[in-house]
Amino acid sequence: MAQRDSVEKELVERARSGDREAFGELVRMHRARALGWAGSLTRDAHMAKDIVDDLRRA
């Protein structure tokens, strides 16, 4: 668990610096949670998936 936290912290720092690959990896790591969040906003599973996919490409 500590190793994952360390990796996640590094990815966050890289993403904050504009690293799109790091941001994409964070989205992949948290995809289920992101889908739940987007689904709660949209109440539409397909739209929620599109939102998460768009975040990954951002």
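What you see below is based on every heavy atom in this structure, not just the backbone, and it leaves out hydrogens, waters and symmetry mates. The structure presented is a predicted model; accordingly, all values stated were derived computationally and were not measured. All residue numbers refer to positions in the sequence shown, counting from 1.
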Original post:
What is the minimum heavy-atom distance between Leu26 and Ala15, and which atoms define it?
Top reply: CD1-CB, 4.0 Å
**OP:** First locate atom NE2 of His46, then atom CD1 of Ile51, and finally report the distance between them rounded to the nearest 0.5 Å.
**Re:** 13.0 Å
Original post:
After noting the C-alpha distance and the side-chain angles of Arg28 and Glu25, does the key distance pass the side chain to side chain contact (heavy atoms under 4.5 Å, CB included) rule?
Top reply: CA-CA 5 Å; Arg28 283 187 288 280; Glu25 183 60 29; 3.2 Å; yes
Subject >> Residues that Arg33 engages under side-chain hydrogen bond (donor to acceptor under 3.5 Å, both in side chains), provided they are two or more places apart >> reply: none
**OP:** Sequence neighbours left out, what passes salt bridge (charged side-chain N to carboxylate O under 4.0 Å, His left out) with Glu13? Give chain and number order.
**Re:** Arg16
Subject >> Heavy-atom closest contact (His30 atom, Glu8 atom, distance) >> reply: NE2-OE2, 2.8 Å
**OP:** Enumerate the residue pairs fulfilling salt bridge (charged side-chain N to carboxylate O under 4.0 Å, His left out) with a member in residues 37-50, sequence neighbours excluded, ordered by first and then second residue.
**Re:** Lys49-Asp53
Original post:
In terms of hydrophobic clustering (I, L, V, M, F, W, Y; side-chain heavy atoms under 4.5 Å; direct or indirect links), are Phe23 and Met29 co-clustered?
Top reply: no
Original post:
Which atom pair, heavy atoms only, marks the closest approach of Val52 to Ala38?
Top reply: CG2-CB, 4.3 Å
